[in-house]
Colleague: 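After the C-alpha cells below, expect a handful of questions from me.
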Number of protein chains: 2
Amino acid sequence: MDERKRKILKAVTRDYIDTAEPVGSRTIARRYGLGVSPATIRNEMADLEEDGYLEQPHTSAGRIPSEKGYRFYVDVLMTPRTLSRQELQKIYATLQAQQVLEDIVQESVRLLALLSQYTSIVVAPNLSRGTVRCLQLIPLDEFNVLLVLVVDPGFSQSRIVETSRPLTAQELARINHFFERRLAGAVLADIGASLIEELRDEIDDEALLSEALNLLIKGLRNIKKEQVFIDGTTHLLSQPEFKNIEKAKGLLNILDDERAVWSVLNRALGRSGILVTIGSENPHEGFQECSLVTATYEINGQVVGSIGVIGPTRMDYDKAVSIVEGIANSLSSLLSDPRRH
Amino acid sequence: MDERKRKILKAVTRDYIDTAEPVGSRTIARRYGLGVSPATIRNEMADLEEDGYLEQPHTSAGRIPSEKGYRFYVDVLMTPRTLSRQELQKIYATLQAQQVLEDIVQESVRLLALLSQYTSIVVAPNLSRGTVRCLQLIPLDEFNVLLVLVVDPGFSQSRIVETSRPLTAQELARINHFFERRLAGAVLADIGASLIEELRDEIDDEALLSEALNLLIKGLRNIKKEQVFIDGTTHLLSQPEFKNIEKAKGLLNILDDERAVWSVLNRALGRSGILVTIGSENPHEGFQECSLVTATYEINGQVVGSIGVIGPTRMDYDKAVSIVEGIANSLSSLLSDPRRH
DNA sequence: GTTAGCACTCTTTTTAGGTGAGTGCTAACG
DNA sequence: CGTTAGCACTCACCTAAAAAGAGTGCTAAC
C-alpha cells in the first residue's frame with residue numbers, strides 16, 4: 001500500500017471515528033490537506049474498498065473502515081500519544097491515596113471510565129500466586145472461629161468459619177502453629193492436595209486434622225474468587241451505534257454477567273502489553289460490533305490482572321490505548337511498590 | 001368517590017400498567033365487565049379527570065392515571081397478593097445458602113431483580129449499631145499490624161494498618177487487652193469520643209495510647225461505610241418509557257452514584273414496612289418519572305438496611321410490593337436467626 | 001496520472017392525504 | 001335522572017409521493 005493510500009485510509013478512519021458518519025471524498029480533500037482533488041481520492045478509495053479496507057453502507061454514501069481497515073489503522077497507522085508525566089503523576093497519586101486493595105482497583109476503573117469516556121472493566125488481582133504472610137485462626141465462641149488470611153501484596157481477608165465440634169485453645173494453637181510453620185510463604189494456589197499429605201504427617205490426631213483442613217478449605221473458598229469491576233456503563237449509551245435500545249440492552253446484559261466479562265478480559269492475560277480486539281476478532285458473540293482495548297498489570301513482574309475499555313468498533317483507539325496503557329502502568333508500579341505491603 | 005368510579009379507576013390503572021397505552025372507554029367496557037356502556041364510562045372518566053385522578057396525553061387519546069391516581073390505587077385499590085409459603089421458602093433457602101454477609105446481600109438483590117423484573121437496590125446492613133465481638137491486632141511486620149474486627153451479626157473484616165513506629169509484642173498485647181476488656185460488646189457507633197477518655201485513663205503511656213487510637217480510627221474508617229448493591233439495571237431499558245435513550249442514560253447515571261441512591265433508599269429507613277414513592281413525591285429530581293417500592297429489613301427487631309425496586313411510575317405495584325415485602329422479610333428473619341452468627 | 005463534469009443512485013426530509021381510536025356533546029330512552 | 005346511542009370533531013400515526021442532498025462511478029480532457 002503506497003503512502004497516499006495510507007494517508008487516505010488514515011483520514012477516513014480518523015474522520016469516521018470523530019463523526020460517526022460515512023466519509024466522502026470531498027470531506028477528505030477539504031479537511032485533510034492531501035493536495036489532490038476529490039476525484040483522485042475517489043479512485044483511491046475505490047481501490048481501498050476492493051482491497052477490503054473500506055466499505056460502503058450503500059451505493060451513494062461515503063466510506064467507512066472495515067474491520068480489516070481498523071486493524072491496519074491500529075497496527076500501522078495510529079500514533080497514540082503517551083500520557084504526559086503530569087497526567088501519570090495524577091493518576092498514580094489518586095490510586096495511591098486509596099487504603100485497601102479493593103479501593104485501588106475500584107478507583108482505577110473509575111479513572112479509566114472518566115478519562116476514556118468508555119465503559120471500563122478491571123479484573124481484580126488474582127492472588128492465587130500471592131504468598132501467605134499470615135494465616136491464623138482466632139477463637140470466637142464454641143462453634144465459630146475466625147480465619148484470618150494476609151496475602152503478600154497487601155491483601156487481607158477474614159471469614160467466620162463454623163467448626164463441627166468445639167475446639168480447645170490447645171487444639172487451635174496446634175493448628176495455628178502448623179499453619180505458621182508450613183504455610184507462611186506458601187503460594188496460595190499451592191495450598192491444596194500437595195500440602196494435605198504434609199499436614200497428615202504433622203498432626204497425628206485424625207479428627208483434629210480433618211477439622212483443620214475443613215476450616216482451611218471452607219475459608220479459602222471465598223477468598224480466592226476473582227472480582228470484576230465495571231464503571232461507566234452509561235458511556236455505551238452515548239455512542240450512536242447503541243441508539244438502538246435493543247443492542248444496548250444486549251450488551252449491558254452481557255456486562256452484568258461477571259463470568260462472561262471475566263473470560264473476555266482474560267484473553268489479554270497471556271500477552272503482556274496492550275491488546276486491541278476488533279469486532280469479530282472477539283470469540284464471544286454479542287461483542288461482535290464492539291472493540292476492546294485491554295492491558296495487563298503486574299505485581300513484581302508477574303501478571304495478575306487486566307484492565308480495559310469497551311466501545312463500538314468505531315472507537316478512538318489512539319485515546320483508548322494511551323489511557324489504558326497509562327493506567328495499567330500506574331497500577332503495576334503502585335502494586336509493586338515495596339513501600340506498600 | 002363511589003364504587004363505580006373506583007372500579008373504573010382501578011381498571012384504567014391496571015390496564016395502563018399492563019399495556020403502557022392510554023386506556024379508552026371502549027376498552028374498559030369490553031375488558032372489565034362493569035355492565036355499563038362506554039358512554040357511561042366516558043362520563044365517569046371525565047369526572048375522574050376533573051378530580052385529578054386521570055389525565056389525557058392529548059385530546060383524542062384514552063386516559064392514563066395521574067400521580068394522584070396511582071397514589072389512590074396504591075393506598076386504596078390494589079390488593080397485592082402475599083407470596084406463597086413455597087415461594088418464601090425458596091427465597092429463604094437461596095439466601096441461607098450464602099456463606100458471608102456480603103453474599104447474602106448480593107444474592108437478595110439478584111433475587112429481587114429476577115423476580116420483580118425491575119431494577120433493584122439493596123443497602124447493606126448498617127452495622128454501626130452492631131456490637132463488637134472481637135477486636136484484635138495481629139502483628140505482621142515492623143510497621144504493619146492487622147486489625148481484625150468481628151461484629152455481632154456475623155460480620156467480620158480485617159485491614160492492614162500501618163503503625164508509625166514498631167510496636168513490641170508487649171505493647172500489642174496491652175492494646176489488645178484493653179480492646180478486649182473495654183470494647184467487647186460495645187456498639188460500633190459508640191466507639192469514638194466517649195471511649196477515648198477511658199482509653200486515656202487505662203494506658204498511661206501517652207505515645208502508645210495515641211498509636212492505639214490511631215490504629216483504631218484508621219482501621220474503622222473503611223469498615224463502617226455503607227454499601228449499595230444494584231442489579232437488573234437493564235430491566236429499566238425494557239420499559240417503554242425509557243425508549244428515549246437520553247432519559248435512560250440520565251437515570252442510569254444517577255444509579256451509578258452510590259451516594260445518591262443511598263440517600264434515596266434511606267428515606268425508607270424511618271418508617272418500617274413498605275414505602276411506595278410515586279414520581280415527584282421523590283425529592284431527588286431525576287427520579288421524577290419513576291416510582292420506588294422500598295422496605296426495610298431488620299436484625300433482631302432493629303432496622304439495619306433497606307431494599308427496593310425502581311421502575312416507571314407505571315409500575316406493577318401489586319407485584320413489586322409483594323416481592324419486596326417477601327424478600328425483606330426473608331432477609332430479616334435470616335439475619336435474625338440465632339443459628340447464624 | 002490527475003481532474004472536471006455529469007448522470008445516476010440511494011437515503012433522508014418534507015409534504016400531503018388518509019385512517020382510526022377516542023372524545024365530548026346532544027338527544028332520546030326507560 | 002341516570003344511561004345510552006349517535007355523531008361530529010380532534011389529533012396522533014401511517015403511508016405514499018415528491019423533493020432535496022450527498023456521494024459515487026464513469027468519461028473525456030488536461
Side-chain angles (χ1 to χ4, degrees), chain A residues 1-9 11-16 18-66 69 240-241 243-244 314, chain B residues 1-9 11-16 18-66 69 240-241 243-244 314:
Chain A
M1 191 185 303
D2 64 24
E3 188 55 26
R4 194 170 64 189
K5 276 204 174 57
R6 291 186 178 204
K7 274 191 177 152
I8 291 176
L9 178 53
V12 171
T13 308
R14 274 248 56 95
D15 205 81
Y16 184 58
D18 291 344
T19 65
E21 298 288 329
V23 189
S25 54
R26 194 188 171 65
T27 311
I28 299 293
R30 194 165 10 91
R31 266 209 275 264
Y32 304 81
L34 299 188
V36 289
S37 74
T40 308
I41 292 173
R42 271 207 291 286
N43 289 331
E44 296 283 44
M45 292 209 298
D47 290 354
L48 284 167
E49 181 169 0
E50 185 130 354
D51 294 344
Y53 294 102
L54 294 180
E55 43 194 43
Q56 240 175 329
H58 52 263
T59 327
S60 72
R63 275 13 188 250
I64 64 176
S66 65
E241 20 278 278
K243 211 175 52 205
N244 171 2
R314 183 192 60 77
Chain B
M1 189 186 304
D2 64 25
E3 190 54 25
R4 194 170 65 186
K5 276 205 175 54
R6 292 185 178 208
K7 274 192 178 151
I8 291 175
L9 178 53
V12 171
T13 308
R14 275 249 54 97
D15 205 80
Y16 184 59
D18 290 345
T19 65
E21 299 287 330
V23 190
S25 53
R26 195 186 171 64
T27 311
I28 299 293
R30 194 164 12 90
R31 266 209 275 263
Y32 304 81
L34 299 187
V36 289
S37 76
T40 308
I41 293 174
R42 272 206 291 285
N43 290 330
E44 296 283 44
M45 292 209 296
D47 290 354
L48 284 167
E49 181 168 1
E50 185 131 353
D51 294 344
Y53 293 102
L54 293 180
E55 44 194 42
Q56 240 176 331
H58 52 264
T59 328
S60 71
R63 302 308 207 286
I64 64 176
S66 65
E241 20 278 280
K243 210 175 52 205
N244 171 2
R314 182 192 60 76

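Letters A, B, ... are given to chains in the order of the sequence lines, protein chains preceding strands, and every chain is numbered from 1. What you see is a predicted model; the values in this text were computed from it and never measured.
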Colleague: Just the dot-bracket of DNA chain D, please: which string comes out with Watson-Crick or G-U pairs under 3.5 Å, [ ] for crossing, | for another strand?
Modeller: ||||||||||||||||||||||||||||||
Colleague: To the nearest 0.5 Å, what is the distance between OG1 (A:Thr13) and CG (A:Leu54)?
Modeller: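 Nearest 0.5 Å value for the OG1-CG distance: 7.0 Å.
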Colleague: Any ring-ring contact (aromatic ring centres under 6.0 Å, His included) involving residues 27-48 of chain A? Give me the pairs, sequence neighbours left out, ordered by first then second residue.
Modeller: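 Every pair satisfying ring-ring contact (aromatic ring centres under 6.0 Å, His included) with a residue in residues 27-48 of chain A: there are none.
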Colleague: Applying side chain to side chain donor-acceptor pair (under 3.5 Å), can you list everything that pairs with B:Arg314, at least two apart in sequence or on another chain?
Modeller: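 Scan of B:Arg314 (side chain to side chain donor-acceptor pair (under 3.5 Å), adjacent residues dropped) gives B:Gln239, B:Glu241.
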Colleague: A:Glu21 has an atom CD; how far is it from atom C1' of D:dG23, in whole Å?
Modeller: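 Taking atom C1' of D:dG23 as the reference, CD of A:Glu21 is at 13 Å.
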Colleague: side-chain contact (heavy atoms from CB on, under 4.5 Å) between A:Leu34 and A:Ile8: does it pass, once the steps are laid out?
Modeller: CA-CA 8 Å; A:Leu34 299 188; A:Ile8 291 176; 3.6 Å; yes
Colleague: I'd like to check the side chain to side chain donor-acceptor pair (under 3.5 Å) partners of B:Arg6; sequence neighbours left out, ordered by chain and number.
Modeller: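 With neighbours one apart ignored, the set is empty.
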Colleague: Which donor-acceptor pairs under 3.5 Å do the side chains of residues 46-53 of chain B make with protein atoms, sequence neighbours left out?
Modeller:
residue	atom	partner	partner atom	Å
B:Asp47	OD2	B:Lys5	NZ	3.3
B:Glu49	OE1	B:Arg63	NE	2.7
B:Glu49	OE1	B:Arg63	NH2	3.0

Colleague: What N/O pairs connect the protein and nucleotides 15-18 of chain D at under 3.5 Å? Give each pair on its own line.
Modeller:
none

Colleague: In whole Å, what is the span from the CZ atom of B:Arg4 to the P atom of D:dG2?
Modeller: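 Spelled out: CZ on B:Arg4 to P on D:dG2 is 10 Å.
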Colleague: Output every pair passing salt bridge (Lys or Arg N to Asp or Glu O under 4.0 Å) with a member in residues 23-40 of chain A, not counting sequence neighbours, ordered by first then second residue.
Modeller: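 Qualifying pairs, neighbours excluded: A:Asp15-A:Arg31.
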Colleague: Between A:Gly24 and A:Met45, what is the shortest heavy-atom contact and its length?
Modeller: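 Nearest pair, atom of A:Gly24 first, then A:Met45: C-CE, 4.1 Å.
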Colleague: Between the main-chain N or O of B:Val23 and the side-chain N or O of B:Thr27, is there a donor-acceptor pair closer than 3.5 Å?
Modeller: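 No, the answer is negative, given that no donor and acceptor are paired below the 3.5 Å cut-off.
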Colleague: What is the 5' to 3' range of DNA chain C, first to last nucleotide, that sits under 4.0 Å from any heavy atom of chain A?
Modeller: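 Boundary nucleotides touching chain A, in 5' to 3' order, are C:dT2 to C:dT11.
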Colleague: Roughly how far apart are B:Lys7 NZ and B:Glu44 CD, rounded to 0.5 Å?
Modeller: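 So the NZ of B:Lys7 and the CD of B:Glu44 are separated by 12.0 Å.
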Colleague: By side chain to side chain donor-acceptor pair (under 3.5 Å), which residues pair with B:Ser37, not counting sequence neighbours?
Modeller: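 Scan of B:Ser37 (side chain to side chain donor-acceptor pair (under 3.5 Å), adjacent residues dropped) gives B:Thr40.
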Colleague: Indicate the atoms forming the closest heavy-atom contact of A:Pro22 with A:Ile64, along with that distance.
Modeller: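 Distance-wise, the nearest heavy atoms are CA-CG2, 3.7 Å.
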Colleague: In residues 25-47 of chain B, which residues come under 4.0 Å of DNA chain D by heavy atom?
Modeller: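 Only B:Val36, B:Ser37, B:Ala39, B:Thr40, B:Arg42, B:Asn43 qualify.
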Colleague: Taking only residues two or more places apart in sequence or in another chain, which ones pass side chain to side chain donor-acceptor pair (under 3.5 Å) with A:Ser60?
Modeller: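 Applying side chain to side chain donor-acceptor pair (under 3.5 Å) to A:Ser60 gives none.
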Colleague: Any side-chain to backbone donor/acceptor pair from A:Gln56 onto A:Gly62? Under 3.5 Å, distance only.
Modeller: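 Checked: no pair found.
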Colleague: Can you tell me how far the CZ atom of A:Arg4 sits from the CG atom of A:Leu9, to the nearest 0.5 Å?
Modeller: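 Interatomic distance, A:Arg4 CZ to A:Leu9 CG, rounded to 0.5 Å: 14.0 Å.
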Colleague: With a 4.0 Å heavy-atom cut-off, tell me which residues in residues 58-66 of chain B come close to DNA chain D, sorted by residue number.
Modeller: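 Close to the strand are B:His58, B:Thr59, B:Ser60.
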